[in-house]
Amino acid sequence: MSNNFHSGFVAIVGRSNVGKSTFLNYLLGEKIAITSSTKQTTRNQIKGIYTSDQAQIVFIDTPGIFKPRHKLDEYMVNEAYTSLKDVDAVIFMISANEKRGAGDDHIIKLLHQVNCPVYLVINKIDQINPNALLEIMDQYRDEKWKDVYPISALLGNNVDNLMEDLISTLPEGPQYYPEDQLTDHPERFIVKEIIREKILNLTREEVPHSVAVEINTMHFDGQIMNIDANIIVNKKSHKGIIIGKNGSMLKNIGVQARKDIERLTGEHVYLKLWVKVVEHWKDKLTALKEYGYKMQK
């Protein structure tokens, strides 16, 4: 460990689908946060722990900030808001291929209340003509940023420069976690999220936001990691979509999830999935708590 070791907590905030989770996964070299083209993929705060010889940064990946429509939405937005408390720096991430909108203005208003450096990070620069970058930066020039970094979280463009700046900004401090620990979430949580990611990426548009996953059992018998999980949907019609013709969709979800879980655990996995209908679960506090979404008082 360096004599001038820096450490601290950095929140990543922004609208849905700007690439916050992709950025975190790139930094850590492992998938700890699920990604999807579907908006509002992230539902919980995900802590990703980046450790080098010079620093340890605990990144807090947050749900996108948007106008809530039901109690699950309220939970997600509250997770994002609370991430801004007691952090050492904030990354406000925007997408290079989207113009500044009301959602961005709302987040910027919240950021005016934080007492730490705020970086504007323009992600997805690999998806635009370089000549368009100045116009995007111009939309945000009136705000007070610690600095502005155009990056590609997918390809890693300019991420190293951002990290050097972040490390120098953070105070000198201790190493909070072992150097090989990538997240503070238990393995069961990441397994649930992996299964949910496959549903997001394989099913129709109307299904993903109505899905939760709960682990019934998860144990290693010395040879195989045995996992039994429920996929929760709030409509009978969604159950049919998840199962698919002759069980084909459910099988595909299981095959893809099992491969990622095996990479995560390093063990052979036997994954059994069930589909369960719980109508209006997104508005039921008891159901939200049961599926891992504990509402803040």
Here the gap from E214 atom CD to N230 atom CG, rounded to the nearest 0.5 Å, amounts to 4.5 Å
In short, V275 meets L250 closest at the heavy-atom pair CG2-CD1, 4.0 Å
**Message:** Any carboxylate oxygen within less than 4.0 angstrom of a Lys/Arg side-chain nitrogen, looking at K99 and D104?
**Reply:** no
field: Check against salt bridge (Lys or Arg N to Asp or Glu O under 4.0 Å), R196 and E193
entry: CA-CA 5 Å; R196 193 166 65 86; E193 288 290 271; 3.1 Å; yes
Output for pair (F5 CZ, T51 OG1), nearest 0.5 Å, gives 6.5 Å
Tracing side-chain contacts under 4.5 Å among Ile, Leu, Val, Met, Phe, Trp and Tyr outward from I224 reaches Y270
Closest non-hydrogen contact found for V118 with L111 is CG1-CD1, 4.0 Å
L155 meets the side chain to side chain contact (heavy atoms under 4.5 Å, CB included) criterion, sequence neighbours left out, with D126, S152, N157
Whether the N246 and S248 side chains hold a donor-acceptor pair (N or O, under 3.5 Å, no angle test) is what I'd like checked.
no
Q) If you measure from the Lys or Arg side-chain nitrogens to the Asp or Glu carboxylate oxygens, is any gap between K236 and E279 under 4.0 Å? A) no
inquiry  = Any donor-acceptor pair under 3.5 Å linking the side-chain atoms of D228 with those of W274?
reply    = yes
Note: K192 and V213 closest approach over all heavy atoms is CD-O, 3.0 Å
Counting only heavy atoms not in N129, do more than 12 fall under 6.0 Å of its CG?
yes
- Answer yes or no: does atom CD of E179 have more than 12 heavy-atom neighbours from other residues, nucleotides or ligands under 6.0 Å? no
All heavy atoms of R188 vs all of M218, minimum pair found to be CG-SD, 3.6 Å
- Query: For residues H112 and E143, is any side-chain donor paired with an opposing acceptor at under 3.5 Å?
  - Reply: yes
For I167, does its backbone N or O pair with a side-chain atom of H6 as donor and acceptor, under 3.5 Å? yes
Margin query: Is it the case that atom NZ in K146 sees more than 12 heavy atoms from other parts of the structure closer than 6.0 Å?
Written below: yes
In short, ring-ring contact (aromatic ring centres under 6.0 Å, His included) pairs touching residues 123-182 with sequence neighbours left out are F9-Y176, F92-W145
All heavy atoms of M249 vs all of L202, minimum pair found to be CE-O, 3.3 Å
When every non-hydrogen atom of V18 is compared with those of N123, the smallest separation belongs to O-ND2, 2.9 Å
- Query: Do S7 and Q56 have a side chain donor and acceptor closer than 3.5 Å?
  - Reply: no
Between the CD1 atom in I194 and the CD atom in Q256, the distance rounded to the nearest 0.5 Å is 12.0 Å
